[in-house]
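A short worksheet on the structure shown next.
A quick note: this is a predicted structure, and the numbers were derived from the prediction, not measured. By convention in this document, chain letters (A, B, ...) are assigned in the order of the sequence lines, proteins followed by strands, and residues within each chain are numbered from 1.
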Amino acid sequence: MLTANTPYSSLIATEKGQPFLLTAEEREAIEHAMHHYADPRAASIDALKIVQHNHRWVPDGAIHAIAEVLGISAADLEGVATFYNRIYRQPVGRHVIAVCDSIGCFLTGFDELYAALQTKLGIKPGQTTADDRFTLLPVVCLGACDRSPVLMVNDATHFNVTPANIEQVLEQYP
Amino acid sequence: MSTSNVNLGLTNVGPETHPLTWRYTQAGKAVTEIAEYEALEGYSALRKVFTSQQPADVQAEVKNANLRGRGGAGFPAGIKWSLIPMGPDAGQKYLVCNADEMEPGTFKDRFLMESLPHQLVEAMIVTAYAIGATKAYIFLRGEYLLAAERLNAAIAQAKTAGYLGDNILGSGFDLDLVVHTGAGRYICGEETALINSLEGRRANPRTKPPFPQLAGAWGRPTIVNNVETLCNVPPIMLRGADWFKGLSQGKSPDAGTKMYGISGKAKITGLWELPIGTSCRELLYTHGGGMADGLELMCWLPGGASTDFLMPEHLDLPMDYDTIMKAGSRMGTALIMVVDNQQNIVSVVRNLEQFFARESCGWCTPCRDGLPWTVKILQSIEAGEGEAGDIETLQQLTRFLGIGKTFCAHAPGAMEPLQSALKFFPGEFEKGIQA
């Protein structure tokens with residue numbers, strides 16, 4: 001039932017048609033992050049990551065819900081969310097593969113690795129496998145050029161990844 | 001988790017000669033516990049400063065030491081600090097560590113933070129004291145999760161030990177240190193874009209002036225320094241400016257050591273802390289063992305994607321800020337990347353420009369539109385489908401996207417490898433133009 005106090009965010013349907021509500025833990029974590037800064041909006045990225053950690057991505061309704069906690073407009077927060085490539089505004093698979101495509105990896109076998117991944121997974125960059133297991137994305141230099149090619153799967157960095165050993169990396173992520 | 005090769009082949013690695021890495025080499029592993037760090041002279045610079053020195057003394061010592069910014073620009077840290085207002089009326093000030101290491105080819109700050117987290121924490125406390133900042137942030141790229149974990153643990157241990165928090169060692173000085181993690185985008189490494197990102201905004205650069213030293217984070221005086229720059233501060237305070245100047249062993253008028261590195265197809269890749277001014281030849285052939293079997297050196301990037309290519313004939317130059325600048329490039333982060341003779345230079349430059357085009361923040365037109373245009377032309381030349389006039393257009397773009405034509409240094413940096421490749425390898429580009 002709608003009242004004058006109904007949060008606007010609860011009126012925004014998610015992809016499943018359900019309104020988005022922050023959990024108590026999420027709200028608490030966001031408020032904790034806000035205390036680190038002179039202005040609550042500085043916790044924008046922290047807040048987006050908190051929600052993304054639980055939902056894999058940031059649904060539309062979450063933008064409104066987080067913006068309310070931070071006291072900024074949803075449009076403002078959307079501007080932040082869409083700027084940063086590690087914030088996902090579309091659904092992603094259970095595991096996100098971020099392959100470094102910068103020059104260090106390019107010199108040591110990125111093209112072959114990227115092609116092998118696309119063949120193995122049957123998807124192109126930006127897509128998610130039909131079984132929802134993997135999303136494939138490019139990423140800037142991961143700061144391990146001495147152990148290239150490099151990629152991350154979720155929070156873990158894998159070094160010296162080649163078409164020959166890619167299967168051993170992927171099988172760690174069911 | 002594997003770690004970079006560090007100081008491989010170096011002997012006699014000690015505090016007098018390798019102030020940034022000796023603890024790691026001596027311990028043979030990452031030094032993450034405060035007790036281990038303290039046993040290796042850890043927090044002794046902090047104790048010395050907090051018990052016997054004024055902020056002005058620290059500023060003077062660092063200025064005398066001629067410590068130049070290790071993030072790539074080489075601006076003297078002491079001069080940067082001297083622009084910040086001091087005194088009782090200065091109000092809230094901030095210290096921000098730029099730990100957003102994303103310059104392609106660069107992996108030194110990752111090592112410093114993962115392997116010696118307390119070293120950076122100590123450095124930030126001493127620096128915050130020197131500039132009178134009571135709040136400090138480590139702006140860490142989001143992908144460096146191990147560094148985040150270890151820095152947060154180090155901060156918690158330092159708090160317990162009384163090195164952080166209120167009234168540090170009875171000095172009356174308070175400091176709160178927070179690890180702020182990002183969510184991607186290379187442009188966050190630009191000083192003013194970093195401040196916007198820290199404030200929870202899109203990472204567009206800001207107009208300068210005002211410089212951050214006067215109006216930075218939340219409009220307050222702010223100093224932004226790179227990880228490696230800051231890590232040099234405690235050793236300078238412990239052993240003095242003269243000792244620091246002597247570390248370059250006469251190889252360069254610059255002072256200190258430098259984290260040098262090698263990537264690309266060299267025999268050995270990794271990191272070495274060497275006197276600043278060490279030649280690329282020594283780095284590549286003595287420490288890196290030369291190029292991998294069967295390969296020859298075609299050209300090299302001295303310090304990241306945004307530096308001009310140099311050639312084999314430049315190998316003997318001392319790797320310092322002014323020498324590499326005079327040779328037509330920039331030392332940048334000083335982690336060299338070797339390009340071997342089996343690479344197609346047009347493809348290499350195309351990859352570099354794709355990186356810059358994607359990472360443009362889109363704020364100003366020359367960068368937002370000029371970089372994708374550059375990529376498009378390079379792709380057609382790469383495919384052998386270049387048209388008459390394409391090379392001239394690329395040359396024109398290097399001027400139109402150059403220094404002074406754009407809001408920040410992103411596009412001018414992107415033009416550095418392009419302009420140097422056009423200069424050194426004109427024939428390779430001409431081959432891609434249709435007759």
Side-chain angles (χ1 to χ4, degrees), chain A residues 33-49 52 58 66 70 72 76-88 98 100-111 137-148 150-152 154-160, chain B residues 1-2 4-5 92 101-110 135 137 141-146 176 178 180-186 188 197-204 217-218 220 261-265 269-271 301 305 335 337-340 343 347-348 351-352 354-355 358-359 361 417:
Chain A
M34 282 158 58
H35 290 136
H36 291 316
Y37 309 100
D39 179 350
R41 74 167 297 150
S44 294
I45 291 170
D46 289 321
L48 291 163
K49 284 195 202 171
Q52 182 165 290
V58 180
I66 295 168
L70 299 176
I72 61 176
D76 232 357
L77 186 66
E78 180 73 326
V80 172
T82 52
F83 187 90
Y84 296 96
N85 60 296
R86 302 290 280 171
I87 300 297
Y88 309 132
C100 169
D101 63 355
S102 294
I103 187 67
C105 290
F106 177 81
L107 293 175
T108 51
F110 159 76
D111 278 344
L137 293 171
V139 72
V140 300
C141 181
L142 289 169
C145 317
D146 55 336
R147 292 166 280 167
S148 59
V150 190
L151 56 76
M152 285 183 84
N154 306 331
D155 288 350
T157 308
H158 297 269
F159 308 98
N160 301 120
Chain B
M1 155 139 321
S2 75
S4 295
N5 287 323
Q92 179 67 57
E101 181 172 69
M102 277 192 219
E103 182 68 37
T106 308
F107 43 94
K108 66 186 177 67
D109 297 340
R110 178 200 275 271
K135 184 97 196 181
Y137 296 95
R141 68 176 296 188
E143 290 87 349
Y144 281 8
L145 289 131
L146 182 63
D176 183 28
V178 173
H180 171 100
T181 59
R185 298 308 294 270
Y186 170 73
C188 293
S197 188
L198 176 67
E199 290 184 8
R201 301 172 195 280
R202 293 167 74 90
N204 298 126
W218 298 286
R220 303 303 310 166
I262 306 175
S263 64
K265 289 188 176 171
T269 54
L271 287 165
L301 290 166
L335 278 79
M337 187 173 288
V338 293
V339 182
D340 58 85
Q343 306 283 345
S347 305
V348 169
N351 172 276
L352 287 163
Q354 273 180 323
F355 162 81
R358 189 176 72 202
E359 294 304 314
C361 80

Measure from the side-chain N and O atoms of A:Asp146 to the backbone N and O of B:Ile262, and report whether any donor-acceptor pair falls under 3.5 Å. no
Using the ring-ring contact (aromatic ring centres under 6.0 Å, His included) criterion, which residues pair with B:Phe355? Sequence neighbours excluded. B:Tyr186
Residues passing the ring-ring contact (aromatic ring centres under 6.0 Å, His included) test with B:His180, sequence neighbours excluded, are A:Tyr37, B:Phe139
I'd like to know which of [options] tops the heavy-atom pair count under 4.5 Å against chain B.
options	result
A:Ile72, A:Thr82, A:Ile45, A:Ile103	A:Ile103
A:Ala33, A:Ala81, A:Ser148, A:Ser102	A:Ser102
A:Asp46, A:Ile87, A:Thr108, A:Val80	A:Val80
A:Val139, A:Asp76, A:Leu48, A:Val140	A:Val140
A:Asp39, A:Leu142, A:Asn160	A:Leu142

What's the separation between atom OG in B:Ser197 and atom CZ in A:Phe83, rounded to the nearest 0.5 Å? 7.5 Å
Residue B:Val338 versus chain A: region with a heavy atom under 4.5 Å: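 Only the backbone of B:Val338 comes within 4.5 Å of chain A.
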Report which part of B:Glu199 has an atom under 4.5 Å of a heavy atom belonging to chain A: side chain, backbone, both, or neither.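 The backbone, not the side chain.
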What are the two closest non-hydrogen atoms of B:Ser4 and A:Arg147, and how far apart are they? OG-NH2, 3.4 Å
I want to check something: taking the side chain as every heavy atom from C-beta on, are B:Gln354 and A:Asp101 in contact at a cut-off of under 4.5 Å? no
